[in-house]
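Scope of the values below: all heavy atoms of this structure, side chains included, with no hydrogens, waters or symmetry mates.
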Amino acid sequence: MAFSEKDVDYTAALARIHVSEDDKKVFAVQLEHILAYVNKLNELDTQQVEPTAHILPLKNVFRPDTAMKNPASDAAVQQAPYFNDTFYRVPPVIE
Amino acid sequence: MEFEPVIGLEVHVQLNTQSKLFCSCPTNFGAVPNTHVCPVCLGHPGVLPVLNKQAMENAIKCGLALNCSISLFSKFDRKNYFYPDLPKGYQVSQFDKPLCHKGHVTIVDTGVEKIIGVTRVHLEEDAGKLVHAAHGADSGVDFNRGGIPLLEIVSEPDIRTPDEAYLYLTALKAIVEYLGISDCNMEEGSLRCDANVSIRPKGQKQFGTKTEIKNMNSFRGVQKAISYEIERQKDVILSGEKIVQETRLWNDDKGSTFSMRSKEDAHDYRYFPEPDLVPMVVEQKYIDTLRENLPELPFPRMHRFIEQYGLPEYDADILTGDKAFADYYEQCASVCSEYKMISNWMLSDLIREAGARKISFADAPVTPKMLAEMISLISNGTISGKIAKIVFIEMFDSGKTPSKIIEEKGLVQISNPEELQKVISNVVAQHPAVVAEFKAGKEKSIGFLVGQIMKETKGKANPQLVNTLLREALG
Amino acid sequence: MNLFSKTAAELLELLKNRDISAREIVTSVFNRIESVDSKVNAFAQTDKESALKQADAIDKKRSAGEPLGMLAGIPVALKDNLCRTGYRTSCGSKILSSYKAVYNATVVQKLITADAVFIGNANMDEFAMGSSCERSIYGATHNPWNISCAPGGSSGGSAAAVAADETILALGSDTGGSIRQPASFCGIVGLKPTYGLVSRFGLIAYASSLDQIGPLTKDVYDSALLLENISGYDPSDSTSIKQNPFSYTSTLKESIKGLRIGIPQEYFIGGLDSEVASHIQSAIKLLAECGAEIIDISLPHTEYAVATYYIIATAEASSNLARFDGVRYGYRTEESSDLHDMYFKTRSEGFGDEVKRRILLGTYVLSSGYYDAYYKKAQQVRTLICRDFENAFQKVDCIITPTAPSPAFKISEKIDDPLTMYLSDIFTISVNLAGLPGISIPCGFSSSRLPIGMQIIGKPLGEQTILRCAYTFERNTPFRTMKPTLE
């Protein structure tokens, strides 16, 4: 599968990353190169193979339903770059 | 051309666990914004989720109550998208292995039962709340809600009318309330509903293009939005145009839906298994235990009410639609066997008087014991039905027991024939003209005379006895 | 001999006998940093004042006869992706350059309990994405053996700091070789534990299903010592193994007589540096002389490991790095017209090229229509790679391979060729995909005096075995005592 500049555009939009026109060309070539390499997996017939979901045979890890105010709560909120009136601030959402 | 609507509902129910789905933050509504938060639910770097066991258990209970199959193996997946209320840039949800699938809800539409399929019930985390400001100003985000456990209940496209949608939601809400796993408060957002609506020419098998309707904040709103959308789609098709697959927002004030016309790119959520959480693997024994411990649910309870109390389906349906209401009924019925009369009083007077005072019936001063006592007093002839209306309102206002009210106000029914005969002869003597009319065959005139007797006795006369004695007196 | 050049075990002995104080150790280490770090650039940040305070508190405890932790007074450097309350944890990235952690990683908490002394954060490739420690806002770290060479990556700062005696112990993280490859390039010991043995809580994630925290140390004993202090079940990490604490130091000296060592043929073909190959062969011979049984094995899917890794790791990374959006912490662009604009500018300005490249690749392999062809396929091949190891471990107790195909390469040599850079992890990646423990120890030097590393891979939770094998090798070779000349 070829990786085009259009693919860069599409994935960059999904990933919320702006790629300049120059970078786009470089990324397209590099990613194409990497994908060509990655395509070697198609040499293997994996139809009967279960995908690995977890490397560990772990299941049912729970915590009990007890509420507790986290001591780091205030410090965590203070990390906000823009905050006032008890709210995190973000530029207007245009819908 | 006649069209048939095809409707599917996606309901989100916030579970009322003490703590959030993946961290220990409290979940109670109404806290100061961004105080019920921690590094985990704020998606700080390096944090990891650990699943709240109660949330999983509640989800399975809900699935069982909705007649679903419970997955013995289930897992979480990441749904990736950017939005400021989504702290991690992905929502931990369930994609291809939901906890519960293939269930159904029975609704009763004007006496006819209909089964609405439930495609799946899965567990996911709620997002925070975005507060849009005036045009051009910054928006605010509150993450208190972020990470609260949410059940997504997806119906099959089995719903055909806005009324059925309303009934489905009511039935679903009743079930969830019976289970005690959610507050189901649409205004506080603990229950949310989106609707998928399409129409097709009657008889056509294939579905039409659907639109997704969001932003309804009451069950009536859902009903109205669907009605509007069906009409809108008819107009579009009849004018020769095509329905666009899109998300539309319901505007309750304007009573219409409008297109979101979002800049948002194509939804490509890039689901993949959540590597930070391990699978949920439950045993049949565990599911069976949960099933055995489920409370009696609204629909079976309705049928029991019909059987056990001989109630009409209409009464039984309304009574069992709300767990507390049905419990109230059964408390009355345990001490008073006038089953239909209890239902009548609850469905009319209790609801009306509570409504007039803007309180819930549960907060009414009239306890089930008081109502049962009053009904017993009617049935043993101590008071008349008419007097009972006075007694009932007095109970509501004062909280006194019916016998106390009757005693204080001297409301005991006059059933002594001699006492009544005196009043009857007086009335007959005072209204010779009316008496003559009656004797001439004007049957209706007797009503006037009864009224006069009631007036004389301040309503306390036993109506049956008055009727008998009066006819005797008029010979 | 200077205190800074000693191992943790040696220093603990001196401290126990009250020959030295924790303050003297910390002072010595900071003197070393001041004299050589201008050449090495191993640190993202150091905090001498805080380190001295911690040392004084421990000295006070000791003189008061209070109980002390197992690492009391020993300096340790954290990789810059491990959260420590109140300290900047930036993953070598602009996007987190202003982020101060608000909680302690579980390993940090355990080190506090052990009374270790935190001296600072070691440099790393941005978000642990790299094999050369060149991609950091703090600049490139240099290999102490030859400062024109890369120290390896991504835990290059941790490895270089240990090799240059700028710290006694260091923690790193390993997703595809990020502890073992720099340990190999810098001539020290680096251990990646079994997935789930060390809690990941507080490790800023690169690829969640592959990441593990592990020790970088001057010798095998210190590696075992640090491991026993950071491992163990953690209820905050759902992928943590319920495992009782184990004293890895207590079984190091046991003989390796009869130990069955597997040599996978797939690791000794084309592309392997001839000097590396010959040193590994000599090492194997030496272990045989020590009583180990050498068995040829096959790991047939080895050649697919790099491709598998780059799909899985980048997919997980694209999701893990979505939280860096300028809303709740970290960098946000100065000006933006609306939310959309804010996201794009923040992330484009905040991430470096390699991070962007991997996010794009990861986004692509998960995107609609490609999931089955890439992500699912990779997870299937991952199953095959795991099976290879399961089969091999039917016959052997551990596996020996080179850690890297070559000794350290030159700084910026591979920076413009991502695929070649990725291939430098070819021998370490399978271990992460299979969740196994692996250790790299020095096994010789190239003709240009660059260290060469040998990797010993164990069964799940086989740390004890690989540490014992590594210890035996180390005690029968002189490499442990060899130091770079930086003066």
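B/Leu130 touches chain A through its side chain: at least one heavy atom from C-beta onward sits under 4.5 Å away, while N, CA, C and O do not. Neither the backbone nor the side chain of B/Thr27 has a heavy atom closer than 4.5 Å to any heavy atom of chain A. Contact of B/Cys41 with chain A is not made at all, since no heavy-atom distance falls under 4.5 Å. Of the atoms belonging to A/Ala15, it is backbone heavy atoms, and not side-chain ones, that fall under 4.5 Å from chain B. Neither the backbone nor the side chain of B/Leu15 comes within contact range of chain A; no heavy atoms are under 4.5 Å apart. Contacts between B/Pro84 and chain A at a heavy-atom distance below 4.5 Å involve the side chain alone, from C-beta outward. For B/Val32, the part sitting under 4.5 Å from any heavy atom of chain A is the side chain, from C-beta outward, and nothing else. For B/Val40, no part lies near chain A; criterion is any non-hydrogen pair under 4.5 Å. Only the backbone of B/Glu274 comes within contact range of chain A, with heavy atoms under 4.5 Å apart. Heavy atoms closer than 4.5 Å to chain A are found in the side chain of B/Phe143, but not in its backbone.
Using a cut-off of 4.0 Å between Lys/Arg side-chain N and Asp/Glu carboxylate O, A/Asp9 and A/Lys24 are scored as salt-bridged. Of the charged side-chain nitrogens involved, at least one lies within less than 4.0 Å of a carboxylate oxygen, so that B/Lys75 and B/Asp96 count as a salt-bridged pair.
Donor-acceptor pairing under 3.5 Å is recorded for the side chains of A/Asp7 and A/Ser4. Under the 3.5 Å distance criterion, with hydrogens and angles disregarded, a donor-acceptor pair is assigned to the side chains of B/Ser259 and B/Glu246. Defined by atom type and a distance below 3.5 Å, a donor-acceptor pair is missing between the side-chain atoms of B/Gln94 and B/Tyr271.
Each of A/Leu56, A/Asn84, A/Thr66 has some count of heavy-atom pairs under 4.5 Å with chain B, and the biggest count is that of A/Thr66. In terms of non-hydrogen atom pairs under 4.5 Å with chain A, the most contact-rich of B/Gly140, B/Ser139, B/Ala55 is B/Ser139. Most heavy-atom pairs under 4.5 Å with chain A: of the set B/Gln54, B/Lys53, B/His44, this distinction falls to B/Lys53.
Note that the NZ atom of B/Lys61 and the CG atom of B/Leu99 stand 13.5 Å from one another [nearest 0.5 Å]. The distance from the OG atom of B/Ser74 to the NE2 atom of B/His101 is 10.0 Å, given to the nearest 0.5 Å.
A side-chain contact (heavy atoms from CB on, under 4.5 Å) with B/Arg192 is found for exactly one of B/Asn215, B/Asp126, B/Asn217, namely B/Asp126.
Between A/Tyr88 and A/Tyr82, the ring centre distance reaches or exceeds 6.0 Å.
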